[in-house]
Amino acid sequence: MKIIFKLFTFTLLALLLLPSCSDDDKSKSEMNDPVSGNISPVGSFAVEATGNENELLVKWTNPSNRDVDMVELSYRDVGANLSRAVDFTPGHIILQVERDSLQEYLLKLPYFSTYEVSAVAISKAGKRSVAETRMVMPYHEKVEEPELKLPAMLGRAHSYMTSVIGYYFGKSSRSCWRSNYPYDGKGYWDGDALVWGQGGGLSAFVAMREATKESEVENMYHAMDDMMFKGIQYFCQLDRGVLAYSCYPATGNERFYDDNVWIGLDMVDWYVETKEMRFLTQAKVVWRYLIDHGWDETCGGGVHWKELNEHTKSKHACSTGPTAVMGCKMYLVTHEQEYLDWAIKCYDYMLNVLQDKSDHLFYDNVRPNKDDPNLPGDIETNKYSYNSGQPLQAACLLYKITGEQKYLDEAYAIAEACHNKWFMPYRSKELNLSFNILAPGHAWFNTIMCRGFFELYSIDNDRKYVDDIEKSMLHAWSSSCHQSNNLLNDNDLRGGTSKDSWEILQQGALVELYAQLAVLERGNR
């Protein structure tokens with residue numbers, strides 16, 4: 001009896017000495033309790049095709065939460081889901097896991113298609129993590145055309161884009177574009193492209209968003225918005241107090257003003273297609289970067305080329321010209337005068353400082369005057385197609401906004417000069433036609449130039465230039481330029497050349513051209 005009494009006394013004393021558990025203490029306890037708290041997503045999530053048909057290798061690292069219990073893998077046929085506008089989920093796999101461990105799973109798919117594969121970590125309490133998602137196409141002996149009733153040019157664009165997504169997108173642990181296909185295991189950052197290549201893939205996607213409106217595959221591309229946005233936002237970094245897109249997603253990486261303006265242009269176009277404010281918000285981020293940090297009075301004005309880590313002193317056509325275009329586009333969606341004023345200022349700088357008056361084309365850049373750095377000095381006289389195509393597009397947009405004939409007159413002069421320099425006479429046996437084909441060269445440069453031709457066509461409906469673009473792409477599709485892997489040998493659309501590696505920047509650019517032609521085909525310009 002004495003022993004029981006002593007034990008009771010000791011227990012009571014211990015309870016009295018314990019601090020009371022208030023509601024605040026309870027909430028703190030629950031926050032620190034991994035069972036009741038949130039669970040982290042899987043890390044290093046990657047999905048890649050194997051050498052076997054309809055098979056994907058899924059890799060990830062389990063979360064470090066001590067109560068992680070299982071990982072749920074799911075996959076869905078994107079094409080089936082989106083063309084039928086129903087929730088189609090053919091498979092779920094639940095795997096028991098241990099925290100912090102590397103894991104692989106060989107996923108067998110029912111048939112060939114483009115699949116969205118997701119992984120969700122689940123705790124013992126049933127809490128689910130944010131999903132990690134990749135879109136992947138498995139290996140297939142022959143890429144068959146989808147049985148869709150699409151207009152001819154849109155069918156080509158969709159077939160091409162489907163292959164490009166399958167070969168390039170979401171191949172590493174990040175939801176973004178790989179630089180090259182096939183991947184040889186070399187290069188930085190698991191083979192992911194720098195931001196220029198990321199922008200090339202994004203431009204293709206945004207062009208497809210416009211081209212697929214009211215088509216059987218419109219919902220398919222609509223469903224990719226979140227994934228594509230997540231991919232490009234990896235690269236938006238706060239560095240030295242300034243938010244902008246870096247070459248690669250880490251502080252201290254190089255940042256270029258032209259890389260940013262191409263993404264800014266895509267964001268404006270994306271907003272026009274969707275009316276989602278997140279895209280316009282990012283366009284404004286880019287705009288502030290260009291105007292507040294890219295423009296200064298060195299060389300009498302203009303936008304710099306590079307910010308980090310060695311700020312350029314020269315002013316470049318590839319950054320100033322597209323800033324004029326972006327100013328016009330921002331004005332058209334906001335009607336805020338600042339954008340138009342800067343568009344005119346950038347356009348005037350291009351004409352006054354960087355244009356060769358003898359042929360209406362544009363030089364690459366200008367360096368500061370040696371005696372007065374606030375005046376233009378030596379000119380770098382190389383001429384590239386995109387550096388002339390952007391002022392062409394800006395002139396067209398300024399004419400649309402202001403109605404001033406001087407802009408349209410200059411647009412015609414630039415367009416004729418671009419056509420003379422970057423197209424060449426050609427006879428296509430495949431089409432049984434003679435025309436002026438896009439000359440061999442940098443496919444992305446030429447595609448940016450062609451944006452100007454399409455803008456001009458939207459004003460006068462004269463097919464003089466767009467006919468040659470269309471025939472160039474029809475020939476490329478039907479000739480030896482079009483490879484068995486459904487990609488194009490981008491350096492020469494005439495065909496007759498061989499390649500063993502294809503870059504996302506160039507392939508994305510050519511997808512954009514087919515998408516632009518598909519919009520023409522629909523008659524919405």
Side-chain angles (χ1 to χ4, degrees), residues 237-247 254-265 268 283-331 334 336-357 360-384 386-395 397-398 401-402 404 406-407 410 414:
Q237 297 287 315
L238 184 66
D239 214 333
R240 299 185 186 178
V242 178
L243 190 62
Y245 291 91
S246 298
C247 278
E254 293 180 327
R255 287 204 303 213
F256 292 81
Y257 294 103
D258 63 330
D259 286 343
N260 275 264
V261 73
W262 306 123
I263 295 170
L265 289 167
V268 183
K284 290 179 178 180
V285 167
V286 170
W287 181 258
R288 293 268 58 92
Y289 179 63
L290 296 169
I291 300 305
D292 295 347
H293 304 279
W295 178 286
D296 63 26
E297 295 311 309
T298 307
C299 304
V303 179
H304 284 281
W305 177 52
K306 180 180 178 182
E307 177 208 2
L308 295 175
N309 288 307
E310 182 183 348
H311 200 81
T312 50
K313 296 179 180 178
S314 52
K315 299 301 177 64
H316 287 246
C318 67
S319 47
T320 308
T323 299
V325 175
M326 188 175 177
C328 291
K329 287 178 176 270
M330 292 293 285
Y331 175 79
T334 67
E336 295 177 16
Q337 189 65 33
E338 175 199 357
Y339 296 116
L340 180 57
D341 291 343
W342 275 104
I344 294 171
K345 192 172 182 178
C346 290
Y347 175 80
D348 287 346
Y349 186 86
M350 292 291 293
L351 263 63
N352 296 332
V353 178
L354 288 170
Q355 188 180 47
D356 182 347
K357 299 301 181 183
H360 296 276
L361 298 177
F362 291 81
Y363 298 125
D364 185 67
N365 68 80
V366 58
R367 292 179 285 276
N369 184 286
K370 294 178 181 177
D371 297 324
D372 184 352
N374 286 337
L375 294 175
D378 294 335
I379 298 283
E380 174 52 66
T381 58
N382 290 333
K383 295 173 183 175
Y384 302 105
Y386 73 138
N387 284 343
S388 293
Q390 282 296 278
L392 165 58
Q393 188 176 12
L397 289 167
L398 287 169
I401 293 167
T402 68
E404 293 186 37
K406 65 178 182 179
Y407 293 118
E410 190 60 39
I414 299 169

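Computed from a predicted model, the values in this text were never measured in an experiment.
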More than 12 heavy atoms of other residues, nucleotides or ligands under 6.0 Å from CD of E336: is that the case?
yes
Assess, by modelled atom type and distance only, whether the side chains of E410 and H360 contain a donor and an acceptor separated by less than 3.5 Å.
yes
Any side-chain donor paired with an acceptor under 3.5 Å for N382 and E380?
yes
Is the side chain of S319 donor-acceptor paired with the backbone N or O of H304 at a distance under 3.5 Å, no angle test?
yes
The single option from H311, K315, K313 passing side chain to side chain donor-acceptor pair (under 3.5 Å) against D296
K315
Minimum heavy-atom distance between L265 and Q390, given as atom pair plus value:
CD1-OE1, 3.9 Å
Side chains of V242 and H293 in contact at under 4.5 Å (non-hydrogen atoms):
yes
Counting C-beta onward and ignoring hydrogens, is there a side-chain heavy-atom pair between W287 and T323 closer than 4.5 Å?
yes
Please examine the side chains of D259 and I263, heavy atoms only from C-beta on, and report whether any two atoms are closer than 4.5 Å.
no
Partners of Y331 by side-chain hydrogen bond (donor to acceptor under 3.5 Å, both in side chains), sequence neighbours excluded?
none
Worked verdict on F362 versus L351 for side chain to side chain contact (heavy atoms under 4.5 Å, CB included)
CA-CA 8 Å; F362 291 81; L351 263 63; 3.9 Å; yes
Heavy atoms, side chains only, cut-off 4.5 Å: are L243 and Y289 in contact?
no
Nearest 0.5 angstrom please: L340 CG to T402 OG1, how far?
7.5 Å
Ion pair R288/E338, N-O distance below 4.0 Å
yes
Around atom NZ of K370, are there more than 12 heavy atoms from other residues, nucleotides or ligands closer than 6.0 Å?
no
Could K383 and D364 be called an ion pair, given the rule that one side-chain N must be under 4.0 Å from one carboxylate O?
no
Would you compute the distance between atom OG of S246 and atom CZ of R255 and round it to the nearest 0.5 angstrom?
5.0 Å
Evaluate the criterion side chain to side chain contact (heavy atoms under 4.5 Å, CB included) for residue pair Q355 and I414; output intermediate values, then yes/no.
CA-CA 10 Å; Q355 188 180 47; I414 299 169; 4.2 Å; yes
Please report whether the ring centroid of Y257 lies less than 6.0 Å from that of W305.
no
After noting the C-alpha distance and the side-chain angles of I344 and Y407, does the key distance pass the side chain to side chain contact (heavy atoms under 4.5 Å, CB included) rule?
CA-CA 10 Å; I344 294 171; Y407 293 118; 4.1 Å; yes
Find out whether the Lys NZ or Arg CZ of K345 is both under 6.0 angstrom from the six-membered ring centre of W342 and within 45° of the ring's axis.
yes
Could you grab the distance from atom CD1 of I401 to atom NZ of K329, nearest 0.5 Å is fine?
10.5 Å
Residues forming a side-chain hydrogen bond (donor to acceptor under 3.5 Å, both in side chains) with Y245, sequence neighbours excluded
Q233, Q282
Roughly how far, to the nearest 0.5 Å, is the CG atom of L375 from the CD atom of E297?
10.5 Å
Are L398 and C328 close enough that some pair of their side-chain heavy atoms sits under 4.5 Å apart?
yes
Specify the closest pair of heavy atoms between A394 and Y347, including all atoms of both residues, with the distance to one decimal.
CB-CD1, 4.0 Å
To the nearest 0.5 Å, what is the distance between CG on N365 and OG on S314?
4.5 Å
Between A317 and M350 the two heavy atoms that sit nearest each other are CB-CE, 3.6 Å
Test item: M330 and V268 side chains (from C-beta on) under 4.5 Å apart, heavy atoms:
yes
On a heavy-atom basis, the closest approach of I379 and V353 is CD1-O, 3.7 Å
Which atoms form the tightest heavy-atom contact between V366 and L354, and what is the distance?
N-CD2, 3.9 Å
Is a side-chain donor or acceptor of T320 paired with a backbone partner of C346 at a separation under 3.5 angstrom?
no
Could you check whether any side-chain heavy atom of E307 comes within less than 4.5 Å of a side-chain heavy atom of N260, counting everything from C-beta outward?
no
Would you sort out whether Y339 and K284 count as a side chain to side chain contact (heavy atoms under 4.5 Å, CB included), showing the intermediate values?
CA-CA 10 Å; Y339 296 116; K284 290 179 178 180; 3.9 Å; yes
Side chains of Y386 and W262 in contact at under 4.5 Å (non-hydrogen atoms)
yes
Which atoms form the tightest heavy-atom contact between C299 and P368, and what is the distance?
SG-N, 3.4 Å
